[in-house]
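Notes to accompany the following structure.
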Amino acid sequence: MSHELEQLRDTALGEISAAPDEQSLEAARVGYLGKSGSISVWGERMRGLSKEEKPIVGKLLNEARTAVAAAIEQRAAEFRASAETAALANIDITLPGQPAEIGGLHPLTQMLDRAISIFRRMGFALAEGPDVDTEWYCFDALNTAPDHPARNEQDTFYLPDGRLLRTHTSTVQIRTMMSAPPPIRVIAPGAAYRRDEVDATHSAQFHQIEGLYVDEKVSVADLKGTIEFFLRELLGQQTEIRFRPHYFPFTEPSFEFDVRSKAIKGGKWLELAGCGMVHPAVFEEVNRARGDDAYDPEKYTGFAFGLGMDRLAMLLFDIPDIRYFAQNDLRFLRQFA
Ligand code: PHE
């Protein structure tokens with residue numbers, strides 16, 4: 001006749017494989033293997049057994065425990081599997097799926113990324129400033145008189161609180177100099193805003209890369225060399241570059257420069273940027289606001305430039321209308337993804 005433990009084990013196995021749900025399975029587990037379960041209590045009972053009986057019963061007890069625990073795990077797995085099947089039963093796998101769309105970078109972002117990587121190779125760090133800024137950062141600190149036409153309400157978007165949408169990224173020149181002493185070598189890509197009449201080549205929002213390099217003995221030659229290296233990397237070694245004298249309140253001397261390149265359709269000169277040597281009055285205002293003499297105009301010189309990115313991107317990617325950039329039309333954007 002089989003031992004009581006073997007009978008117990010067989011009853012347990014029968015009960016487990018017949019358990020209708022997880023609750024009854026858990027009840028069976030507690031009833032057999034729990035602290036005072038009918039199999040577990042044999043552990044206590046062993047103490048009262050004779051030397052001869054102990055190993056036999058010990059072996060039976062181990063076997064019973066292992067078998068019952070395995071059966072419980074197997075039944076639990078069955079429950080889990082059928083729960084999954086039930087969940088899947090509600091899904092019609094014959095329906096067409098929803099393909100996940102993979103996005104792409106906006107053509108202006110691609111343009112900026114290319115430009116940024118060239119400047120990074122020349123040691124320029126990235127700087128940034130807010131699109132909404134104060135008159136001081138946008139104009140006063142940049143030596144722009146209160147009656148300068150650029151400050152006109154017809155040209156600039158003013159907020160009710162007196163702040164404005166920056167009309168150029170030159171605000172970041174000032175922000176950078178306020179935050180650190182020279183030497184400074186940064187570029188600041190970003191949006192700028194003007195109340196232009198919107199048409200195929202003018203948008204109220206456009207994009208610039210500002211550059212600022214301040215150190216001892218920085219000269220116009222450094223400015224030209226930097227710009228030429230940048231443009232030849234971007235547009236090819238045959239690119240022609242032309243500097244023309246210009247006027248900006250915050251640089252002296254000031255220039256605009258144009259490019260002509262095979263990469264640009266039509267073979268025409270393209271006006272690309274304003275630039276110049278940082279005006280000493282800008283350094284002086286920065287010093288006054290900093291409360292120190294970090295940007296001593298007797299010791300330091302610097303160059304700055306503001307490159308227009310939209311028209312460059314339009315020419316490189318053959319985009320006929322600047323308004324496409326902001327319309328979020330996937331038929332347009334997909335062509336660059
Ligand atoms: N901020 C000027 C503009 O937007 C460009 C510029 C930048 C000129 C830096 C000189 C130096 O037209």
Side-chain angles (χ1 to χ4, degrees), residues 108 112 115 119 124 126-131 133-145 148-152 155-157 164-178 184-196 201-215 218-228 230-231 241-259 270-283 285-286 295 297 300-313 322:
L108 272 172
L112 285 168
F119 282 115
F124 283 81
L126 273 181
E128 55 178 10
D131 290 18
D133 215 328
T134 64
E135 282 199 73
W136 186 76
Y137 278 107
C138 199
F139 298 124
D140 299 287
L142 287 159
N143 194 36
T144 307
H148 191 278
R151 304 181 70 148
N152 199 298
D155 291 322
T156 302
F157 293 103
L164 46 74
L165 294 182
R166 64 181 179 191
T167 59
H168 51 186
T169 45
S170 301
T171 51
V172 189
Q173 290 185 35
I174 306 302
R175 289 189 168 272
T176 307
M177 290 190 278
M178 289 303 291
I184 290 275
R185 184 158 48 185
V186 292
I187 49 164
Y193 306 83
R194 285 179 203 171
R195 293 184 72 154
D196 273 334
T201 54
H202 295 86
S203 167
Q205 184 201 43
F206 56 100
H207 299 82
Q208 296 186 318
I209 293 186
E210 191 78 13
L212 175 67
Y213 179 25
V214 181
D215 203 345
V218 176
S219 70
V220 175
D222 297 314
L223 167 61
K224 279 194 80 179
T226 303
I227 296 298
E228 283 174 5
F230 167 70
L231 291 171
I241 298 135
R242 172 170 92 177
F243 283 76
R244 288 178 284 105
H246 199 74
Y247 171 79
F248 297 103
F250 39 93
T251 45
E252 179 58 34
S254 302
F255 311 92
E256 276 189 336
F257 60 83
D258 312 322
V259 281
L270 168 68
E271 180 190 315
L272 213 55
C275 62
M277 303 305 293
V278 179
H279 198 297
V282 173
F283 286 152
E285 177 63 4
V286 164
Y295 286 85
Y300 293 103
T301 50
F303 68 67
F305 57 82
L307 275 158
M309 283 289 118
D310 303 72
R311 273 196 300 147
L312 191 56
I322 196 171

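Atoms within a ligand are numbered from 1 in the order they appear, just like the ligands themselves. What's counted below: heavy atoms across the whole structure, side chains too, no hydrogens, waters or symmetry copies.
- Using cut-offs of 30° and 60° for the angle between ring planes, the Phe124 and Phe303 rings count as tilted.
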For a distance cut-off of 3.5 Å, show me each N or O of ligand 1 paired with any protein N or O, plus the separation.
from	atom 1	to	atom 2	distance (Å)
ligand 1	1 (N)	His168	ND1	2.9
ligand 1	1 (N)	Ser170	OG	2.9
ligand 1	4 (O)	Arg194	NH2	3.0
ligand 1	4 (O)	Gln208	NE2	3.0

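- A salt bridge does not link Arg194 to Asp155: none of the charged nitrogens lies less than 4.0 Å from a carboxylate oxygen.
- With a 4.5 Å cut-off on side-chain heavy atoms, Leu108 and Phe206 do not count as touching.
- A heavy-atom distance below 4.5 Å is found between the side chains of His168 and Cys138.
- For the side-chain contact (heavy atoms from CB on, under 4.5 Å) with Tyr137, the qualifying choice from Ile174, Val172, Leu142, Leu164 is Ile174, the only one to do so.
- With Arg151 as reference, Asp140 is the one residue of Thr144, Thr167, Thr156, Asp140 to meet the side chain to side chain donor-acceptor pair (under 3.5 Å) rule.
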